[in-house]
Colleague: 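Okay, handing you the structure first.
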Amino acid sequence: MTASEIRRQFLEFFKSKGHHVVPSAPIVVKNDPTLLFTNAGMNQFKDYFLGNQTPAWSRVADTQKCLRVSGKHNDLEEVGIDTYHHTMFEMLGNWSFGDYFKEEAIAWSWELLTEVYKLPKDRLYVTVFEGDKKENLEKDQEAYDFWKKHVPEDRILLGNKKDNFWEMGDTGPCGPCSEIHVDCRPDEERKLVEGATLVNKDNPQVIEIWNNVFMQFNRLKDKSLEPLPAKHVDTGMGFERLVRVIQGKFSNYDTDVFSGTIGYIEKLTGAKYEASDSKKDVTFRVLADHIRAICFTIADDQLPSNTGAGYVIRRILRRAVRYYFTYLEYKKPLLHELVPVLAQQFETVFPELQKQVDFVKKVIFEEENNFLRTLDSGIRRIEDIIAANSATKSIDGKTAFELLDTYGFPFDLTNLIATENGFSVDEKGFEAAMKEQKDRSRAATELDMGDWTILEDSGTTFVGYSLDTTQTKVTKYRKIKAKGKEQYQLVLSQTPFYAESGGQVGDTGTLDFEGEKISVTDTKKENDLIVHFTDKLPATINTTVTATINKDKRQQTTLNHSATHLLHAALRQVLGTHVAQKGSLVNPESLRFDFSHFAKVTDEELAQIEDIVNEKIRANIPVVIQELPKEEAMKLGAMALFGEKYGDIVRVVIMDPNYSVEFCGGTHIGSTGELGLFKFLSEGAVAAGVRRIEGVTGAHALAYVNEQLQQLKEVKAALKNPKELVKAVDTLIADKAGLEKQLEVLEQEKIKQLASSLLPKAEKINGINFIGSVVSVNSADALKQLCFQLKTELTDYVFVFAANVGGKANVAVMIADNLVADKGLEAPKIIKEKISGLIKGGGGGQKSFASAGGQETDKLDQVITAVKAIL
RNA sequence: GGGGAAUUAGCUCAGUUGGCUAGAGCGCUUGCAUGGCAUGCAAGAGGUCACCGGUUCGACUCCGGUAUUCUCCA
């Protein structure tokens with residue numbers, strides 16, 4: 001059975017049991033400060049379990065893209081070493097939201113594994129929660145009894161709280177769980193050691209494949225448990241592992257989930273994968289694993305960057321490069337070549353990759369190149385370090401850390417290169433420096449989040465599409481403290497405040513607590529909660545509140561948001577439909593739009609795009625907003641964003657059904673004419689394959705145009721209103737360059753003349769050709785020029801020239817090289833001993849040429865005589 | 001968000017305690033050599049040393065700020 005059949009069978013099986021199959025949520029998480037990536041199948045259903053939202057279907061099944069590389073589940077450095085850790089993996093799951101419970105979940109999981117997938121029953125074991133006295137929890141007898149119907153009792157094992165009781169967090173829904181384990185050992189081994197003794201014992205061949213969580217309790221703040229009114233089922237089965245078991249492979253990497261990629265790497269590099277523990281084979285596994293994580297996160301709109309989620313992607317990518325660079329001896333970009341293979345493999349499951357295959361490839365290629373450059377310069381740097389420390393034959397921890405911290409050169413490579421050169425590296429010192437940096441960062445981002453004070457247990461409704469003010473109540477609030485600044489977060493039962501989302505900034509405004517006005521500085525989303533930020537709390541919070549937004553600011557923002565839609569459509573019309581939104585910022589002043597496109601947008605294209613947008617504004621198209629089932633919206637040709645999670649009912653913003661139809665939760669104007677005017681401010685690149693356009697609309701656009709015109713007017717006036725302005729400026733610039741050149745020539749000429757007039761004044765003193773003079777020049781550099789001019793004319797010379805330059809004394813001294821050598825004359829010495837004191841200044845330079853400067857301009861003659869005296 | 005670094009010719013980079021007439025390689029222009037090419041030889045053009053301010057007699061160099069980029073950590 002192929003991997004895709006296994007996946008299909010899972011989904012079809014649960015479909016036949018009345019489940020609605022939903023697509024995977026994006027792997028990159030938005031609007032949740034506690035999570036960067038989806039790390040479990042249940043993430044997208046969290047709000048259902050918490051009761052913040054009601055599900056549209058009570059039975060759901062899916063395969064979810066997950067990534068575990070940060071936070072609690074950090075497996076990154078394990079991946080590739082063994083045969084079963086992954087960064088990105090698929091989690092198959094079936095859910096019941098207050099519908100079926102233990103009996104069905106248990107029966108179906110058994111049916112699927114043994115009848116559909118035909119796993120031998122005598123290799124399966126199940127575990128059931130044994131109870132916990134301290135928590136006052138009973139054994140999960142129900143689950144035990146339901147399992148008894150399918151499995152002999154000696155295969156039902158009891159597990160402790162750690163393995164068999166699942167909790168979402170410190171508080172919230174939780175419950176016992178029941179795992180299914182499979183024993184993959186060969187028969188001879190199974191005869192020797194009973195499989196039951198190896199369950200949950202970290203044996204790589206006796207592994208858990210499916211966890212069924214039965215949510216039946218709610219954990220309260222005081223740590224006590226209360227029964228949930230609606231009981232849920234939450235299951236998760238690691239897809240890669242399941243495939244391995246069904247296909248009877250020794251390792252996940254031997255299945256057809258990975259073999260395509262591995263085969264292609266073999267083809268590209270000429271190396272062979274032999275499934276061993278060698279560094280080379282670890283590399284194959286690292287590459288096959290990491291390319292999936294990299295591709296799917298980029299396809300879900302997360303570009304590699306130096307912060308947050310983007311930094312995690314960058315690290316995964318760099319780990320992959322590090323491996324092929326060192327162990328496959330492959331010194332050029334490799335990962336990007338694998339993208340099409342993967343895109344094709346997942347075309348029907350996760351089509352977002354195939355749809356953006358060129359874009360993802362380009363991003364990865366640039367990123368690889370970048371890091372290969374970093375490695376290159378790091379290697380040069382480490383070679384210098386090795387040369388400089390040949391005496392001690394060691395690299396200290398601080399230096400190794402600096403290589404990583406400042407130049408991005410990985411420690412393991414430093415270690416490797418050092419060892420190759422017979423050097424040692426102070427690993428302890430390195431670790432210490434690393435710890436110091438981590439501590440510093442943690443301290444700087446310390447966020448003290450208080451507990452919510454709950455006044456009223458109700459959801460929150462957004463009424464801001466139609467109202468700017470409303471009567472409401474505070475349902476909960478808390479205090480947060482970041483960087484020593486205290487702030488409060490308030491949640492209202494209904495609110496006109498738009499929370500930052502889809503690029504549109506959050507509203508500001510005021511909350512009027514029966515006379516006491518508190519201003520709202522920002523509004524943000526936390527999952528589906530709308531959180532209002534304030535600097536203080538009212539004296540009495542438990543009153544009626546009049547919530548009013550800053551209408552003016554919202555209006556300006558709304559204009560820019562609608563303009564963004566017009567722009568997006570125009571971009572696709574002019575540049576092509578490969579243009580996809582990669583980021584958007586909409587605030588009262590301007591709009592910023594990032595999109596995938598591979599070349600600079602030319603001035604002609606920009607003009608064309610701007611024309612289209614303005615044409616649509618003048619056409620005064622009415623903006624139609626509809627809430628529709630997602631399928632219907634898709635039929636209208638609505639543009640959805642990659643990496644955005646949509647519910648079953650979506651909000652669609654239409655500006656002429658033939659022009660712009662977009663999924664959007666933002667605020668919009670009534671008709672496009674309200675925008676008045678649209679103007680570009682700038683166009684540029686932000687990352688590989690991503691361009692950024694900034695623009696203004698409405699009154700801001702007009703102000704911008706007026707400002708430009710005003711500047712133009714002033715320039716014209718300054719140039720005495722020429723007929724052809726551009727030509728006049730060009731001429732002006734060319735003239736200036738010519739004049740500067742001429743001036744330089746004249747200066748040279750002047751110095752030459754000065755030099756030739758000074759030449760006859762040369763005096764012979766003790767065999768030395770001495771010229772000393774106070775001259776009139778206008779820069780210190782001219783004195784220098786004078787010396788260099790004269791040195792070609794004489795031998796055995798000593799020159800001293802002094803000048804008053806802008807009220808300051810400047811002196812230059814030049815001595816022929818042979819005099820320096822033979823007579824021990826040194827220019828800086830003369831300056832320090834004879835000159836700087838006189839002119840109240842300092843000076844220095846080379847032995848044969850030095851310069852000095854000082855305050856005293858009327859002692860210049862004395863400078864000359866003083867030098868002359870020592871010859 | 002916190003830390004470390006970088007910014008010098010079209011490109012890749014040197015520039016050692018403040019004073020070297022700011023350099024190298026590649027590229028470019030011109031000339032010469034070779035039957036042609038690869039190439040070799042010679043000459044030349046090209047720099048507001050990112051920007052702004054400060055210290056100093058004097059700043060590519062030291063200090064502060066801004067911008068951009070790289071990099072590590074969270």
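Below, each value reflects all heavy atoms present in this structure, side chains not excepted, and no hydrogens, waters or symmetry copies. So that the names make sense, note that chain A is the first sequence line, chain B the second, and so on, each numbered from 1.
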Colleague: Determine whether the side chains of A/Asp396 and A/Thr399 contain a donor N or O and an acceptor N or O closer than 3.5 Å.
Modeller: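 Present: a donor and an acceptor within the cut-off.
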
Colleague: Quick one: does A/Asn587's side chain have a donor or acceptor within less than 3.5 Å of a partner on A/Ser590's backbone?
Modeller: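 Indeed, once roles are kept as given, a pair shorter than 3.5 Å links the two residues.
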
Colleague: Below 6.0 angstrom between ring centroids: does that apply to A/Tyr488 and A/Phe533?
Modeller: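 When the ring centroids of A/Tyr488 and A/Phe533 are compared, they turn out to be at least 6.0 Å apart.
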
Colleague: So what's B/U48 paired with, Watson-Crick or G-U wobble, going by both distances under 3.5 Å?
Modeller: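 Base partner found: none.
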
Colleague: List the atom of A/Leu404, the atom of A/Phe411, and the distance in Å for their closest heavy-atom pair.
Modeller: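 Taking every non-hydrogen atom into account, CD1-N, 4.4 Å.
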
Colleague: Which atom names give the shortest non-hydrogen contact between A/Ala433 and A/Phe401, and what distance separates them?
Modeller: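 Closest approach of A/Ala433 to A/Phe401, heavy atoms only: CB-CG, 3.5 Å.
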
Colleague: Whole-Å distance between B/G3 C1' and A/Leu404 CG?
Modeller: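 Going from A/Leu404 (CG) to B/G3 (C1'), I get 13 Å.
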
Colleague: Determine which nucleotide pairs with B/U30, using a 3.5 Å limit on both distances of a Watson-Crick or G-U wobble pair.
Modeller: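 The answer is B/A42, by the H-bond criterion.
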
Colleague: Checking contacts here: which listed nucleotide (B/G4, B/C72, B/A74) is nearest the side-chain heavy atoms of A/Met434?
Modeller: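 Between B/G4, B/C72, B/A74, the one nearest the side chain of A/Met434 would be B/C72.
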
Colleague: What is the distance, to the nearest angstrom, from the CG atom on A/Asn306 to the P atom on B/A5?
Modeller: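 Atom CG in A/Asn306 sits about 17 Å away from atom P in B/A5.
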
Colleague: Looking only at atom P, what distance separates B/A9 and B/G54, rounded to whole Å?
Modeller: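 To the nearest whole Å, 26 Å.
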
Colleague: Strictly under 6.0 Å, is that where the ring centroids of A/Phe799 and A/Phe770 end up?
Modeller: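 Ring centres of A/Phe770 and A/Phe799 not closer than 6.0 Å.
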
Colleague: Are any of A/Lys808's side-chain N or O atoms less than 4.0 Å away from OP1 or OP2 of B/G58?
Modeller: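 For B/G58, OP1 or OP2 has a side-chain N or O of A/Lys808 closer than 4.0 Å.
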
Colleague: Regarding A/Ser836, tell me which of base, sugar-phosphate or nothing describes its non-hydrogen contacts under 4.0 Å with the strands shown.
Modeller: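 A/Ser836: no heavy atom of the nucleic acid under 4.0 Å.
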
Colleague: Between B/G65 and B/G47, how far apart are the two P atoms, rounded to whole Å?
Modeller: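 About 32 Å, rounded to a whole number of Å.
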
Colleague: So what's B/C62 paired with, Watson-Crick or G-U wobble, going by both distances under 3.5 Å?
Modeller: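 For B/C62, the partner nucleotide comes out as B/G54, under the 3.5 Å rule.
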
Colleague: Quick test of your reading of the model: are A/Glu856 and A/Lys840 salt-bridged, counting only N-O distances below 4.0 Å?
Modeller: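 Yes, A/Glu856 and A/Lys840 are salt-bridged.
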
Colleague: Which whole number of Å gives the distance between the P atom of B/U39 and that of B/C70?
Modeller: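 The answer is 34 Å between these two P atoms.
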
Colleague: On the side chain of A/Gln437, is there an atom forming a donor-acceptor pair with the base of B/G4 - under 3.5 Å, no angle test?
Modeller: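 Side chain to base: no pair present.
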
Colleague: What residue pairs, at least two apart or across chains, pass side chain to side chain donor-acceptor pair (under 3.5 Å) with a residue in residues 814-829 of chain A?
Modeller: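 Passing the test, one end in residues 814-829 of chain A: A/Asp796-A/Asn818.
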
Colleague: What pair of heavy atoms forms the shortest contact from A/Lys525 to A/Ser501, and how long is it?
Modeller: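 That would be NZ-OG, 3.9 Å.
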
Colleague: Look at the side-chain N and O atoms of A/Arg318 and state whether any lies under 4.0 Å from the OP1 or OP2 oxygen of B/U71.
Modeller: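 Result: yes.
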
Colleague: Between C1' on B/G4 and CG on A/Asp439, what's the gap in Å once rounded to a whole number?
Modeller: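 Atom CG in A/Asp439 sits about 17 Å away from atom C1' in B/G4.
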
Colleague: Select base, sugar-phosphate, or nothing to describe what A/Arg314 touches, counting heavy atoms under 4.0 Å on all strands.
Modeller: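 It contacts sugar-phosphate atoms only.
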
Colleague: Expressed as a whole number of angstroms, how long is the span from A/Leu403:CG to B/C72:P?
Modeller: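 These atoms are roughly 12 Å apart.
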
Colleague: Which sits closer to the 5' end of RNA chain B, A/Gln855 or A/Arg440, going by the nucleotide each is nearest to?
Modeller: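 Checking each residue's closest nucleotide, the 5'-ward one belongs to A/Arg440.
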
Colleague: Need the pair for B/G23. Rule: Watson-Crick or G-U wobble, both distances under 3.5 Å, any strand; none if unpaired.
Modeller: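 Pairing partner: B/C13.
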
Colleague: Atom CZ of A/Arg373 and atom P of B/A6: how far apart are they, to the nearest Å?
Modeller: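 The distance from CZ of A/Arg373 to P of B/A6 comes to 19 Å, rounded to the nearest Å.
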
Colleague: Distance check, P atoms only: B/A22 and B/G27, in whole angstrom units.
Modeller: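 To the nearest whole Å, 26 Å.
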
Colleague: Expressed in whole Å, how much space separates the C1' atoms belonging to B/A43 and B/G35?
Modeller: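 After rounding to an integer number of Å, I get 26 Å for this pair.
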
Colleague: Please report the distance separating the P of B/C37 from the corresponding atom of B/U29, rounded so that it comes out in whole Å.
Modeller: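 Straight-line distance between the two P atoms is 15 Å.
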
Colleague: Between B/C52 and B/G44, how far is it from one C1' atom to the other, in whole Å?
Modeller: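 These two C1' atoms come out 35 Å apart once rounded.
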
Colleague: Quickly work out the A/Leu372 CG to B/C70 P distance and round it to whole Å.
Modeller: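 To the nearest whole Å, that distance equals 15 Å.
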
Colleague: Heavy atoms only, 4.0 Å cut-off, all strands: where does A/Asn810 land among base, sugar-phosphate and nothing?
Modeller: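 If one applies the 4.0 Å heavy-atom cut-off, A/Asn810 turns out to touch nothing in the nucleic acid.
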
Colleague: Tell which nucleotide pairs with B/G1, taking only Watson-Crick or G-U wobble pairs whose two distances are both under 3.5 angstrom.
Modeller: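 Its partner is B/C73 (Watson-Crick or G-U wobble, both distances under 3.5 Å).
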
Colleague: Can you check the distance between B/A24 and B/U55, where both ends of the measurement are the P atom (answer in whole Å)?
Modeller: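 Each nucleotide's P atom is 35 Å from the other's.
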
Colleague: Sort out the partner of B/G35 for me: Watson-Crick or G-U wobble, both distances under 3.5 Å, none otherwise.
Modeller: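 Answer to the pairing question: none, since B/G35 forms no Watson-Crick or G-U pair.
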
Colleague: Searching all strands shown, indicate the nucleotide that pairs with B/A67 (Watson-Crick or G-U wobble; both distances under 3.5 Å).
Modeller: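 Across all strands, the one nucleotide that pairs with B/A67 is B/U7.
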
Colleague: How does protein reach along nucleotides 13-21 of chain B, written 5' to 3' as B (base within reach of a heavy atom under 4.0 Å), S (only sugar-phosphate), or - (no contact)?
Modeller: S-----BSB

Colleague: How long is the line joining CD1 of A/Ile839 and P of B/G58, in whole Å?
Modeller: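 The distance from CD1 of A/Ile839 to P of B/G58 comes to 11 Å, rounded to the nearest Å.
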
Colleague: Over 60° means perpendicular and under 30° means parallel, so tell me whether A/Tyr327 and A/Tyr323 are parallel, tilted or perpendicular.
Modeller: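 Aromatic pair A/Tyr327/A/Tyr323 classed tilted.
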
Colleague: Of the candidate nucleotides B/A5, B/G1, B/C70, which contains the atom at the shortest distance from the side chain of A/Thr374?
Modeller: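 Selected nucleotide: B/C70.
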
Colleague: Mind calculating the distance between CG (A/Leu317) and P (B/C72) to the nearest angstrom?
Modeller: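 Nearest whole value for this atom pair: 12 Å.
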
